[in-house]
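All chains are named by letter (A, B, ...) in the order of the sequence lines, taking the proteins before the strands, and each is independently numbered beginning at 1.
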Amino acid sequence: QVQLVESGGGVVHPGRSLRLSCAASGFTFTTFGLHWVRQNPGKGLEWVAGISYDGSSKDYADSVKGRFTISRDNSKNTVSLQMSSLRPEDTAVYYCARNDEFSSGGKYFSVGAFDIWGQGTKVTVSS
Amino acid sequence: DIQMTQSPSSLSASAGDRVTITCRASQGITNDLSWYQQKPGKAPKRLIYAASHLQSGVPSRFSGSGSGTEFTLTVSSLQPEDLATYYCLQYNSYPWTFGQGTKVEIK
């Protein structure tokens with residue numbers, strides 16, 4: 001079935017790095033954008049980063065720009081989030097989500113944002 | 001950045017009640033808005049996309065409307081299993097932004 005499975009979460013000290021991965025199955029990976037969304041404990045949802053179906057377009061929330069890097073490996077059906085210079089406020093459950101999109105005139109347009117979500121992986125940044 | 005103002009932040013209603021949640025965008029987003037339901041300890045689930053299109057498999061008591069800057073999610077007859085927090089999301093322009101969420105409780 002269509003599925004996204006995150007991994008890589010854990011406890012890390014402030015200033016250190018961590019890499020999250022999301023493995024996709026059950027659909028044609030190369031035709032969908034992939035995004036990361038996080039949720040601080042007891043708080044709302046925050047969009048973090050997204051990458052287009054072909055990997056050529058990447059976008060980030062201001063709160064992580066310059067510290068986080070999203071990438072994808074279309075040969076392995078995986079998307080990753082490399083997180084560096086981690087801060088306590090990055091503590092959250094991180095979800096991977098699928099985005100149905102199309103390209104026109106060099107830009108990417110979403111059909112309806114996130115139709116499939118992973119179960120999430122928990123990241124705790126603490127000394 | 002586009003700000004999404006969602007209201008109310010919480011509500012309590014009885015089974016069978018009609019419930020409406022509103023999201024207001026700080027600038028026009030055409031119909032680039034989706035609604036999500038999140039139950040405790042679970043990942044969000046998409047209910048509505050493109051402002052008014054019902055996600056396959058979602059009960060027809062859920063509906064969405066609006067365009068531009070004003071959007072609503074309506075539950076025509078609230079059911080006990082609708083206990084959850086609901087979020088809107090604008091995907092018109094980056095950074096994509098969620099509303100603050102509406103926690104729905106059943107009386």
Side-chain angles (χ1 to χ4, degrees), chain A residues 1-6 9 22 27 32-52 57-66 68 70 92-102 104 107-122, chain B residues 1-10 21 23 25 29-58 62 64 66-67 71 73 84-104:
Chain A
Q1 72 277 23
V2 176
Q3 193 171 229
L4 297 170
V5 179
E6 302 95 335
C22 172
F27 63 95
F32 289 90
L34 273 300
H35 291 237
W36 290 93
V37 174
R38 70 183 181 185
Q39 187 167 36
N40 300 115
K43 301 296 185 182
L45 301 169
E46 178 187 14
W47 174 82
V48 174
I51 187 167
S52 60
S57 179
K58 304 175 185 180
D59 291 276
Y60 299 92
D62 289 345
S63 58
V64 307
K65 201 171 291 183
F68 290 12
I70 190 171
V93 174
Y94 285 75
Y95 295 101
C96 174
R98 187 179 84 168
N99 176 45
D100 191 2
E101 62 186 21
F102 65 94
S104 176
K107 298 182 72 173
Y108 296 84
F109 299 90
S110 177
V111 173
F114 309 135
D115 63 338
I116 302 294
W117 296 66
Q119 84 289 349
T121 187
K122 187 174 182 180
Chain B
D1 298 0
I2 297 175
Q3 309 303 318
M4 300 302 296
T5 303
Q6 187 174 337
S7 62
S9 57
S10 65
I21 299 169
C23 262
I29 58 170
T30 62
N31 68 339
D32 295 333
L33 183 118
S34 51
W35 290 95
Y36 298 86
Q37 176 193 65
Q38 187 178 32
K39 296 186 176 181
K42 300 292 187 181
K45 170 188 171 184
R46 190 172 73 176
L47 301 175
I48 301 287
Y49 64 96
S52 61
H53 290 75
L54 187 68
Q55 175 71 30
S56 175
V58 172
F62 291 94
S67 182
F71 302 86
L73 172 71
T85 301
Y86 295 81
Y87 297 91
C88 62
L89 166 70
Q90 73 79 19
Y91 51 89
N92 179 263
S93 64
Y94 287 107
W96 292 5
T97 43
F98 287 92
Q100 303 93 320
T102 296
K103 186 174 184 179
V104 174

Worksheet item: Side chain, backbone, both or neither: which part of B:Asn31 has a heavy atom under 4.5 Å from chain A?
Response: neither

Discussion item. So for A:Asp59, is it side chain, backbone, both, or neither that comes closer than 4.5 Å to the heavy atoms of chain B?
Written reply: side chain

Discussion item. Rounded at 0.5 Å granularity, tell me how far CG in A:Asp62 sits from CG in B:Asp1.
Written reply: 5.5 Å

Worksheet, complete the sentence: Taking every heavy atom of A:Val111 against every heavy atom of B:Ala50, the minimum-distance pair comes out as O-CB, 4.4 Å

Item to complete: Look up atom OH in A:Tyr95 and atom CD in B:Gln38, then write down how far apart they are to the nearest 0.5 Å.
Response: 5.0 Å

Practice prompt. Might you confirm whether atom NZ of B:Lys39 has over 12 heavy atoms from other residues, nucleotides or ligands at distances under 6.0 Å?
Written response: yes

Worksheet entry | Non-neighbouring partners of A:Tyr108 that pass ring pair (Phe, Tyr, Trp, His ring centres under 6.0 Å), sequence neighbours left out | A:Tyr53

Item to complete: Answer yes if the ring centres of A:Trp47 and B:Tyr91 are under 6.0 angstrom apart, and no otherwise.
Response: no

Fill in: Heavy-atom closest contact (A:Gly118 atom, B:Ala43 atom, distance)
O-CB, 3.2 Å

Fill in: Option in B:Tyr49, B:Tyr36, B:Trp96, B:Tyr87 with maximal non-hydrogen atom pairs under 4.5 Å from chain A
B:Trp96

Worksheet item: Should B:Pro44 and A:Phe114 count as side-chain neighbours, where that means a heavy-atom distance under 4.5 Å?
Response: no

Discussion item. Suppose a student defines contact as a heavy atom less than 4.5 Å from any heavy atom of chain B. Which residues in residues 35-42 of chain A would they list?
Written reply: A:His35, A:Val37, A:Gln39

